[in-house]
2 protein chains.
Amino acid sequence: MAESNYHHGDLKNALIAAGVEILAREGIASLSLRSVARRAGVSHSAPYAHFSDKQTLIAAISTEGFRRLYSKLDTALNAHSAEPGRQLVACGQAYMRFALNERDIFKVMFSGVLEQEKEYPEFVEISQATFQLLVKVVDACQEKGILRPAPTDLLATAIWGQVHGLVSLALEKQISHTVLDLHPLDEVLLFTLNQFSQVPLTL
Amino acid sequence: MAESNYHHGDLKNALIAAGVEILAREGIASLSLRSVARRAGVSHSAPYAHFSDKQTLIAAISTEGFRRLYSKLDTALNAHSAEPGRQLVACGQAYMRFALNERDIFKVMFSGVLEQEKEYPEFVEISQATFQLLVKVVDACQEKGILRPAPTDLLATAIWGQVHGLVSLALEKQISHTVLDLHPLDEVLLFTLNQFSQVPLTL
DNA sequence: ACCTGAACACCGTTCAAGT
DNA sequence: ACCTGAACACCGTTCAAGT
């Protein structure tokens, strides 16, 4: 607590952690370069020693978000190995739970807070790795005849879009009450995934 | 040009129009209460006579965005009356074109810029009317056997989620190059819509 | 090399005052 | 009723200076 934070040691990661905490505790509206610096216990201009601007810091926070999402999906996958249909459903559910439980970091990752004029290679790498996780599941489903024959990455994109869109609309409170009053969101998700499946998917 | 803008007459709508223009010309990063006031030619505190805070102004701008989206979808619908399959494809395309051509107002409408602690009745009304447009098309498709039997509003939600998710991922540059290099976005959209259809949908 | 503090041009919001 | 202008507490970014 009372440590000298001159030569902090790992201020860069401390700033990323502070940003993640602010998103979880106070929400996206409170995420500023200065609030992140305050939470990390340094002056408001200290972050510029490690990030060239606010966008670069947000890219690093988004990258950490993708690492957490990747981890959740990987766990969901491993819990149902050799049952690709269940893996697909578990991935969809894990994606939805991540979005609902960690709303604000999910929004930072996907809601254009990160304007991508620059490249951010670590961000691109983990987001592509996440997509490849889905491609693997979709491929396994196709081999078992659960999903129809089609270019695997095209089908994976369609399924990602389906789940992502449903979750995004839910976060924005755009899903009609005539639907939600009769069907909990988990059921809506299952219904949407079943549009792609040749055999009924269940939980 | 050189009019007295004391007692502007319709400053409220002038501010909304100014906000829409800023989104189209300068982008979401430039949308501030003060920039909107500047473009409308009034002082930075004048908007408070018509909007209780920035969120309420953004809600009004989002409402105008939904009116424009509604109008595009309605036009797409009327261009293919009595051919529900084509209506569905045309709606999906119109939704995608709106998002790509008017990126920043689309983002304001859907990307959580509008934190919905308050209600904004006009916003809710036009967004529900837009959903009902889709419900009508889906219902017509079901009657013709193009879409499978299922609760119509559930199916409409699934299709909206599919198109919205695909478009959102495209805006965030999250769609893999292994997909986009082989398939233009229009084709990916058609592929995703065909997941729902019992007969092949075309343009 | 890493961090501070003053400075600058912005921002949202409030409020007394002007017409 | 509608709008202005000063004021306040924020924000991102820069830069000279400190250790």
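Naming: A, B, ... by sequence-line order, numbering from 1 per chain.
- In this model, a donor atom of one side chain and an acceptor atom of the other lie less than 3.5 Å apart for T56(A) and D53(A).
- Relative ring orientation between F123(A) and F66(A) is described as perpendicular, the plane-to-plane angle rising above 60° on a 0-90° scale split at 30° and 60°.
- At whole-Å resolution of the value, CZ in F51(A) and P in dT14(D) are 16 Å apart.
- Remark: C1' of dC11(C) and CD1 of I22(B) are 13 Å apart, rounded to the nearest angstrom.
- In terms of position on DNA chain C, the residue among H44(B) and H44(A) whose nearest nucleotide sits closer to the 5' end is H44(A).
- No option in V36(A), L57(A), I105(A) other than V36(A) meets the side chain to side chain contact (heavy atoms under 4.5 Å, CB included) test with L31(A).
- Annotation: of the two residues near DNA chain C, A46(A) and R34(A), the 5′-most nearest-nucleotide partner is A46(A).
- A close approach under 4.0 Å does occur between a side-chain nitrogen or oxygen of R38(B) and OP1 or OP2 of dC11(C).
- Listed for the N101(B) side chain is a donor-acceptor partner under 3.5 Å among the backbone atoms of R97(B).
- When ring centroids are compared, H164(A) and F110(A) come within the 6.0 Å threshold.
- H50(B) comes within 4.0 angstrom of sugar-phosphate atoms only, judged by non-hydrogen atoms across all strands, and of no base.
- Each of S52(A) and S35(A) has a nearest nucleotide on DNA chain D; the 5'-most of these lies closest to S35(A).
- If you measure from atom CG of L33(B) to atom P of dC11(C), you get 10 Å, rounded to the nearest angstrom.
- L57(B) has its CG atom 14 Å from the P atom of dC11(C), to the nearest Å.
- Ring pair Y95(B)/F106(B): centre-to-centre distance below 6.0 Å.
- For the pair D53(B) CG and dC10(D) P, the interatomic distance rounds to 18 Å; values are reported in whole Å.
- Using a 4.0 Å heavy-atom cutoff across all strands shown, S32(A) reaches sugar-phosphate atoms only and no base atom.
- Going from atom NZ of K54(B) over to atom C1' of dT13(C) covers 12 Å, rounded to whole Å.
- Residue A49(A) has its side chain nearest to dC2(C) when only dC2(C), dC3(D), dG12(D) are considered.
- Stem regions for DNA chain D, each three or more consecutive Watson-Crick or G-U pairs with both distances under 3.5 Å and listed by first number, read C:4-8 with D:12-16, C:12-16 with D:4-8.
- With 3.5 Å as the limit, one finds no donor-acceptor pair spanning the side chains of D153(B) and S176(A).
- At whole-Å resolution of the value, CD1 in I58(B) and P in dC11(C) are 13 Å apart.
- Listed nucleotides dA7(D), dC11(D), dT4(D) differ in distance to S45(B); the shortest reach to its side chain belongs to dT4(D).
- For Y48(A) and dA6(C), the OH to P distance is 18 Å, given to the nearest whole Å.
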